[in-house]
Amino acid sequence: MTTTLDSILAGKYPAKAHARRVTEFLRARGHNAPSVLYLEAQKTRLIEDNDEPMPFRQRRPFFYLSGCLLPDSYLIYDASSDKLTLFIPPIDPESVIWSGLPMSASDALNMYDVDSVLPTTDVNASLASVAAAHGGKAVVFAIADQISETTKFEGFAESNLSVLKGAIENTRVVKDAYEVALLRKANDVSAKAHIAAIQSSRTAVNEREVEATFISTCISNGCREQSYHPVVACGESGGTLHYVRNDQGLFYPGTKQRKENILIDAGGEYRTYCADITRVIPLSGKFSRETRQIYEIVLQMQTECIAVLKEGVLWEEVHALAHRIAIRGLLALGILRGSEDELFEKRVSVAFFPHGLGHYLGMDTHDTGGNPNYEDKDTMFRYLRVRGRLPAGSVITVEPGIYFCRFIIEPFLKSPELSMYIDPNILERYWKIGGVRIEDNIHVTKDGYENLTTAPKAIEEVERLAL
Ligand code: GLY
Ligand code: MN
Ligand code: MN
């Protein structure tokens, strides 16, 4: 597997194929005039009141059509001649002493899937010459707020600044083999980091030590960036979905008693592609009875939801399946009472599983093209980041959770209509858990799926690593 992965990644990022697919998307929507796509990289920006650059994050539309991580670069794709031209910064004699020589045009040509590489000083002349080659009949497509003031679209029939962003976002949903390999690599590195983080929890006394181990393992193994700010939350903080503090002690204050669990939601980014993985581990090395009960329900939610994935599956139905399993599990524990159907219809399980089952994953953690409806009146589906049927080639997270968050559950306990469905006495034993979420990254295929995530999640395995 590693050899296959490494040999795929030794090839070039398929920028040209992406440019063709974006153009096909535009054609299918009636844009039939000769098309020219124009994209800009993220600019080098300085921190306010300081001469240090801001942390650099490449613009995703630019990377998708170039595979290039250089700032201050440009790209032109002439669809009629299928010619992709990359423009990179030329040597600036003033900066060589500080930064060394920039990438040369011939190195860039070897590295990227483009037809030619020119200096950025040639962008306007090249745009003018492409426009002239089409006799003024071509349309140039660009992204409205990503065009330099110096750029000139002269000699084109039209400049369309409204559709390219959406076309790229839609095209990104279906990943090719190279992109899946990048996501797998990000997952492999992140699995190592999760294992190291779990092991570090044995002796750590503060959340930040576990976070440091995770990040350090990612960097050592080739993921310099994190896909998102890691969530390292112990005890009741595990009930906060995007907890960012990561600075709390792992012991109950003033005691030698460790808190119940630690939830780690973290993933490394590999050449702009993201892993997004959540694991929950017992801080004592062994799950308490209550955490084990909840963990088993969440693992069953995840396993059964993953098992039904394949091309064309309706994501709302998979999300509803997760709720059904949660309801059955919480009924068996006595936390919920009533009939499964009634609890489902009244949306009571939303008190314990308030977020969506998952989201597309790619160059963004919450990747593009999911068409969410955050205005949905139905609380069960409002936060679902993907709506509709999943195409083959999409990569989606499956991340069910059960949380004991007072802020979310207490209104249900106080509601005259809904309080009868929750047993507060039994619930009392579960607040200490915080939350259990288990999150894997799944590649949807024609007949099923591939799980890209190898980080351990079986109870015995997690306990063995944590003890
Ligand atoms: N790590 C963010 C999420 O799971 O959506
Ligand atoms: Mn996620
Ligand atoms: Mn996550």
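First listed ligand is number 1; within each ligand, the first listed atom is number 1.
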Exercise. At distances under 2.8 Å, what protein N, O or S atoms surround the Mn ion (ligand 2)?
Worked result: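 Correct list: D276 OD2, H359 NE2, E399 OE2, E439 OE2.
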Exercise. Can you find a non-hydrogen atom of H355 under 4.0 Å from ligand 1?
Worked result: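 No.
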Exercise. Are any of the heavy atoms in R385 under 4.0 Å away from ligand 1?
Worked result: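 False for this residue.
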For this session: Tell me, with the steps shown, if Y273 and M363 meet side-chain contact (heavy atoms from CB on, under 4.5 Å).
Result: CA-CA 4 Å; Y273 281 76; M363 288 190 282; 3.4 Å; yes
Exercise. According to the interplanar angle, ranging from 0 to 90°, do the rings of F287 and Y295 count as parallel (below 30°), tilted (30 to 60°) or perpendicular (above 60°)?
Worked result: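 Because their plane-to-plane angle lies in the 30° to 60° range, the rings of F287 and Y295 count as tilted.
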Exercise. What orientation do W431 and F404 show, parallel under 30°, tilted 30 to 60°, or perpendicular over 60°?
Worked result: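 Ring orientation, 0 to 90° scale: perpendicular.
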For this session: Before signing off on this row, confirm whether D265 and ligand 1 have an N or O atom pair separated by under 3.5 Å.
Result: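 Such a contact does occur with ligand 1.
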For this session: Before signing off on this row, confirm whether R437 and ligand 1 have an N or O atom pair separated by under 3.5 Å.
Result: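 No: no nitrogen or oxygen of R437 is under 3.5 Å from one in ligand 1.
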Problem set entry | Within the 6.0 Å centroid threshold, strictly below: Y13 and F63 |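 Between F63 and Y13, which both carry aromatic rings, the centre distance is below 6.0 Å.
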Exercise. Would the H319 and F353 ring centres measure less than 6.0 Å apart?
Worked result: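 Centroid distance H319-F353: below 6.0 Å, so yes.
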What atoms of ligand 1 come closer than 4.0 angstrom to any heavy atom of [X]?
X: Y228; result: 1 (N)
X: E439; result: 4 (O)
X: H359; result: 3 (C), 4 (O), 5 (O)
X: H366; result: 2 (C), 3 (C), 5 (O)

Exercise. Under the side chain to side chain donor-acceptor pair (under 3.5 Å) test, which residues partner T453, sequence neighbours left out?
Worked result: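 With neighbours one apart ignored, the set is N187.
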For this session: Just need the protein heavy atom nearest to atom 3 (C) of ligand 1, so name the residue and atom and give the distance.
Result: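 The closest heavy atom on the protein side is D276 OD2, 3.3 Å.
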Problem set entry | R60, K165, E169 screened by side-chain contact (heavy atoms from CB on, under 4.5 Å) with T368, the one that passes |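 The residue from R60, K165, E169 that satisfies side-chain contact (heavy atoms from CB on, under 4.5 Å) with T368 turns out to be E169.
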For this session: Tell me whether the guanidinium CZ or amine NZ of R324 lies under 6.0 angstrom from the six-membered ring centre of F344 and within 45° of its axis.
Result: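 Judged by the rule (NZ or CZ under 6.0 Å from the ring centre, within 45° of its axis), R324 counts as positioned above F344.
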Problem set entry | Salt-bridge contact E179-R172 (side-chain N to carboxylate O under 4.0 Å) |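 Between R172 and E179 there is no salt bridge, as every charged N stays at least 4.0 Å from the carboxylate O atoms.
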Exercise. Are R464 and E460 close enough for a salt bridge, meaning some N to O gap below 4.0 Å?
Worked result: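 No, this pair does not count.
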